[in-house]
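All figures in this text were calculated on a predicted structure; none of them were measured in a lab.
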Amino acid sequence: MADAAPFRRLIQRLRRAAAQSAERSDHWLPDFCGGGQVALFVLLAESVYLIVFFGPGSRSDWSFSRLVAGTSFTVWTALICVVVLCKLRPWLVTRGWPWTEISAWLVIPLLTLLTSLAVVPLSPELAINASAPAATVQPLLLHFVVGNTAIAALASGVLFRYLYVSAASRRNERGQARAEIVALQARIRPHFLFNSMNTIASLIPLRPADAERAIEDLCELFRAALAPAERLSTLGAELELVRRYLEIERLRLGDRLQVSWPQGDVPISTPMPALLLQPLVENAVHHGISAIPEGGNIEITCMHDATEIRLRITNPRPRQPQAIRSGHGIALENVRQRLAFHYGDAARLLVHDEGEQFVCEVVVPR
């Protein structure tokens, strides 16, 4: 398992880089410089060649040597096209409609035309049969060049149309997901902010100094709550936000609320969605500490390895069934959906009981 850890870490980094690249650029023309794009492009070109080679109406004088030569020609032509598209993409994406579409579509047939003209004197058996009459050589060569160019033009049109429609669909999906995340975060804001303001209001006439300190903490909560929902925070900032929230709750609950932070070496610079941990800690206070007359201890631990970070929040459960406060699971579902939005399947929320303790674990990739 240890040998596979660097590979898993590399895969996770590539996924995050691809996701961040997609977020930074909504242009439909993909980055052809990636290894995956090159392999896909070559595979599509070879698939088109094999369909034409073995399809109905193909030449009857085919042979294995002709198949190998045609495959080599197709692969090299595809590689030339993808390299040129990789170099031209920064220029193409700035042209605007319709010049980007037209220019990108013309690249493949033009390069196919040039490579077909170049390969004819080098490997004439690709275009003509060795036993073909001399009078038919020129028409066969012309048919080879024109045919390749026409097929490339049709395939290029289908490919770029697919890329355009696929990019539009992804933009629409991201827009819908972003709107859902904004709605989810907006649902959290009033809940904990109003509770905090009520706590501060009760402190003002009796403990003004504590109320002033709580207002400073609340300002940080406001700043985090009003930030754009899709903007990433850091693990260190999220832990500091949780600390400020617990300081406000401690003013209300007093010694009933105990907190332990055995965090050790925490990678505080790790990117993380804002307000991801606070709803879970608020659940621990509301359903655990507040429901127990003598209170209890909330333990927040952070464990990590080369591939992932595991944040664990533990709180006591009420012993009396009547003290258990029923909830709608909004906070837990909110966290699950936000993890899915930012990380996909690479992150997860684990919820379980350990005796008299209730445990929430957030697992995110590094």
Side-chain angles (χ1 to χ4, degrees), residues 7 10-11 14-15 18 28-89 91-92 100-167 169-170:
F7 179 74
L10 175 62
I11 294 298
L14 289 175
R15 287 177 177 173
W28 64 271
L29 195 63
D31 182 9
F32 291 95
C33 301
Q37 294 287 350
V38 173
L40 180 61
F41 198 91
V42 171
L43 180 61
L44 290 174
E46 183 62 20
S47 298
V48 172
Y49 170 71
L50 292 177
I51 290 173
V52 174
F53 187 84
F54 291 109
S58 60
R59 295 169 51 175
S60 59
D61 57 341
W62 71 273
S63 62
F64 181 74
S65 61
R66 187 186 299 278
L67 175 62
V68 172
T71 296
S72 302
F73 169 74
T74 302
V75 170
W76 278 110
T77 302
L79 289 174
I80 292 172
C81 291
V82 78
V83 168
V84 172
L85 286 170
C86 168
K87 299 301 182 181
L88 288 181
R89 186 183 184 276
W91 177 82
L92 290 172
T100 296
E101 288 76 2
I102 296 175
S103 301
W105 171 68
L106 286 176
V107 167
I108 296 177
L110 286 177
L111 290 175
T112 303
L113 173 63
L114 294 176
T115 54
S116 298
L117 291 173
V119 81
V120 164
L122 299 176
S123 183
E125 64 273 10
L126 274 174
I128 59 175
N129 186 11
S131 60
T136 63
V137 170
Q138 291 299 330
L140 288 175
L141 292 176
L142 180 63
H143 181 270
F144 173 76
V145 174
V146 174
N148 287 346
T149 305
I151 293 172
L154 291 173
S156 175
V158 172
L159 171 64
F160 287 121
R161 177 58 182 173
Y162 166 78
L163 292 175
Y164 183 86
V165 173
S166 179
S169 176
R170 287 195 303 271

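In this structure, the separation between SG on Cys33 and CZ on Arg89 is 8.5 Å, given to the nearest 0.5 Å. Note that CG of Leu113 and OG1 of Thr77 are 11.0 Å apart. Values are rounded to the nearest 0.5 Å. Summarising the geometry, atom CD belonging to Glu101 is positioned 11.5 Å from atom CG belonging to Leu163; distances are rounded to the nearest 0.5 Å. Atoms SG and CD1, from Cys81 and Ile108 in turn, are 5.5 Å apart once rounded to the nearest 0.5 Å.
The closest donor-acceptor contact from the side chain of Thr71 to the backbone of Leu67 lies under 3.5 Å. Distance alone, capped at 3.5 Å, is enough to place a donor-acceptor pair between the Thr115 side chain and the Thr112 backbone.
Residues forming a side-chain contact (heavy atoms from CB on, under 4.5 Å) with Val84 (at least two apart in sequence, or on another chain): Ile80, Leu88, Val107, Leu111. The side chain to side chain donor-acceptor pair (under 3.5 Å) test applied to Ser72 returns no partner, not counting sequence neighbours.
Heavy-atom minimum distance, Gly70 versus Tyr49: CA-OH, 3.2 Å. The nearest pair of heavy atoms linking Val42 to Leu79 is CG2-CD2, 3.7 Å. Smallest separation of non-hydrogen atoms from Ala104 and Leu85: O-CD2, 4.4 Å.
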Solution key, residues 149-161 side-chain donor-acceptor pairs under 3.5 Å, sequence neighbours excluded:
residue : atom : partner : partner atom : Å
Thr149  : OG1  : Val145  : O            : 2.9
Ser156  : OG   : Trp105  : O            : 3.0

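Enclosure of atom CZ in Phe32 by more than 12 non-hydrogen atoms of other residues, nucleotides or ligands within 6.0 angstrom is indicated.
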